[in-house]
J.: 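Structure in structure tokens, see below.
In the text below, chain A, chain B and the rest are named by the order of the sequence lines, each starting its count at 1.
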Amino acid sequence: MISVKALYHSYTKDESYAVKNVSFDIQKGEIFGFLGPSGAGKSTTQKILIGLISLQKGQVAIDGMDIKKTNRALFDKIGVSFERANVYKKLTGVENLKFFSEMFGVPTENPLKLLKMVGLEDAANKKAGDYSKGMLQRLVFARSMISNPKIWFLDEPTSGLDPNTTSIIKGIIKERQEQGTTIFLTTHNMHIAEVLCDRVAFITNGEISAIDSPRNLKLKYGEKLASIEYIENAILKKAYLSLTDEGHKKKLNDIISSCKVETMHTQEATLEEIFIKITGKELK
Amino acid sequence: MKRLLAIFRRDLKSSVREFLLLYIILAPIVIVIGLRFFIPSVNAISFQFALDKSIGETVIAEFEKYGRVELLDGRKAIENRVVKADDIFGVIQNQEDDYVVISQGNEDEGTSTIAQQIIGNMNSEEEALAVTYSDIGAKMSSITIYGASSVILMAIILAGMVIGLNIIEEKEANTMNALSVTPMRKLEFIVGKSLIGLVLPVVEALFVVWILNLQNVHIGMLLTMTLASSLIAIIFGFLIGVFSSNQIAGIANMKFLLLFVSASFIGAVVLPAGTQYFLYWSPLYWSTIGLIKVITNEVTWLQIFQYTLWILGLTILIFLLSAGKIKKGLT
């Protein structure tokens, strides 16, 4: 559905690349996470894919069409949820959606239905200028579904949302995926990526360092740990011990046999820990 | 077309919901209503007299030379007529050669003695004082002519400003990015945004003509001049929009635009005909000349065509010089 080959982009139009030799393919109905810290090249890549930045070098095909040769009708198939709440503040929520629905050449969703889906039905006739940050984020998210897109670009869709709303948004994303929508998710929230994405790409300094499913990345780079709390000489102690390291395994046996174990859990490395391990950078 | 109208409706809705933009839209109407209250006494070039029926045919005929005459029955009826809102003078005759002029007292200064002068003129065949009357052929007061043309020009320019402020709103909210990922073409965005700059001046020009009761104005010619002039205001609107990062900067840039508009208008009105070629470069000069002639009904279609050609030619030139900046600014 989306094919990117050897993509480069330089804002200064020299050898200083914001995106360097980026290649990936996204299959129909797949949720693909594009993960990286701020300034890694996530937004630049997404902007090239959705046509906000012109393609300088490389090949990009959306729904089988080269983006250099496509016409505006391609945007009937695309939905974009921006991180920044770019809505008309003097229009109400429902007016915002109605206005955008008139821009498309395909049948569109009922604005009120979308607002209800994201929990904004009570604020539908309230001016967007009076919305909170979270409400604006939900309005942008709802707007991105107005044309029932086949390909959906989501940029930090849960940023600034409370846990309950985040859960609703995650549910909508999963539901759309089940209906066959291909989703390109840009985020630095590893938890969201881990829960939602079929595959993720780690990007730092404009380059992709790994692409795989969260499970495969954990199997490949993760380390199984045991987290144990025990009492030794009347003092409560805590340890994280590898289940693959021989020394750690021996120490774990010693603790179990000679100390009073209070709690013990096995745990896998998180996607964030794997990201740090692979890229050497933290997600900020 | 659906997209163009949607953009137009959105801009109009957004504009009337913001005080500054609403004021800009309504300002020409408010000004012309103010002008309407001020114009009647100036415009009352045709004098009105209320004469007693018994005053005699000769006197009535004499007053009819100078204005409209109403014949009423007795002093009381004349007094009742004089106290009404318009400027009208009552005349009754007490006895032969003894006339009484009845006025309300708040008539325009220049017209208050006119009835006395007519009576004086009527009886002055052998007397030293002779009053003669002449006019310079004016059918309309200067305030009506320049007031109406300047308000229509203002409506045209302010509509351009509405476009500019709406573009600034799009830039500030970053909504152009959201529109860029829809099937909407850039040309549709530009034409949709321009519609308000055509519709507002046309509606307001018609309001001006209606409020000022300019019955002899040729509506076709008025709309031709208004629409042609609106094109330059639309370009200015886009330039203000793309060059200004926020509303304050937009308003600051408008001041430069108003300087250009004022210079063109004042120059067209004040400069002697022989030196007006200094202003030929300004499309708004041609707008001013055209609008004034349309309002005074002293223009032919050929002249309208010539003025429109000047305006369009200069507008195209300005467009070619600024198209790159507008395109870049909207990206």
J.: Could you walk me through whether B:R10 and A:E102 satisfy the salt bridge (Lys or Arg N to Asp or Glu O under 4.0 Å) test, starting with their C-alpha distance in whole Å, then the side-chain angles of each, then the deciding distance to 0.1 Å, before giving a yes or no?
T.: CA-CA 11 Å; B:R10 191 222 72 84; A:E102 290 183 272; over 6 Å; no
J.: Please look at A:F82 and chain B and tell me whether the side chain, the backbone, both or neither of the residue comes under 4.5 angstrom of a heavy atom of that chain.
T.: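 The side chain, not the backbone.
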J.: Would you kindly say whether A:Q46 and A:E83 are connected by a side-chain donor-acceptor distance under 3.5 Å?
T.: no
J.: As an exercise: rank A:K98, A:R143, A:R72 by heavy-atom pairs under 4.5 Å with chain B and give me the winner.
T.: A:R72
J.: Please flag which part of A:L52 lies under 4.5 Å from any non-hydrogen atom of chain B: side chain, backbone, both or neither.
T.: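 Just the side chain, heavy atoms under 4.5 Å.
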J.: So what's closer than 4.5 Å to chain B heavy atoms on A:S54: side chain, backbone, both or neither?
T.: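 For A:S54, there is no contact with chain B at all, as no heavy atom is under 4.5 Å.
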J.: Where does A:F100 contact chain B at under 4.5 Å (heavy atoms): side chain, backbone, both or neither?
T.: side chain
J.: For A:K127, is it the side chain, the backbone, both, or neither that has a heavy atom closer than 4.5 Å to a heavy atom of chain B?
T.: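 Side chain only.
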J.: Among the options B:R17, B:K2, B:E170, B:E188, pick out the one with the most heavy-atom pairs lying under 4.5 Å from chain A.
T.: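 Greatest number of close heavy-atom pairs with chain A: B:R17.
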J.: Under 6.0 Å from the six-membered ring centre of A:Y8 and within 45° of its axis: does the NZ or CZ of A:K57 meet both?
T.: yes
J.: Taking atom types as modelled, is there a side-chain donor on B:T224 or B:Y307 under 3.5 Å from an acceptor on the other?
T.: no
J.: Just how far is it from atom CD1 of B:I295 to atom CG of B:L222, taken to the nearest 0.5 Å?
T.: 7.0 Å
J.: Pick from A:V87, A:L115, A:V140, A:I146: which one makes a side chain to side chain contact (heavy atoms under 4.5 Å, CB included) with A:N96?
T.: A:V87
J.: Against chain A, label B:L5 side chain, backbone, both or neither, depending on which of its atoms sit under 4.5 Å from a heavy atom there.
T.: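 The answer is neither part of B:L5.
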J.: If I take atom CD1 from residue B:I232 and atom CD1 from residue B:I311, how far apart are they, to the nearest 0.5 angstrom?
T.: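 One gets 9.5 Å once the value is rounded to the nearest 0.5 Å.
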J.: For B:L21, which atoms come within 4.5 Å of any heavy atom of chain A: side chain, backbone, both, or neither?
T.: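 The side chain, not the backbone.
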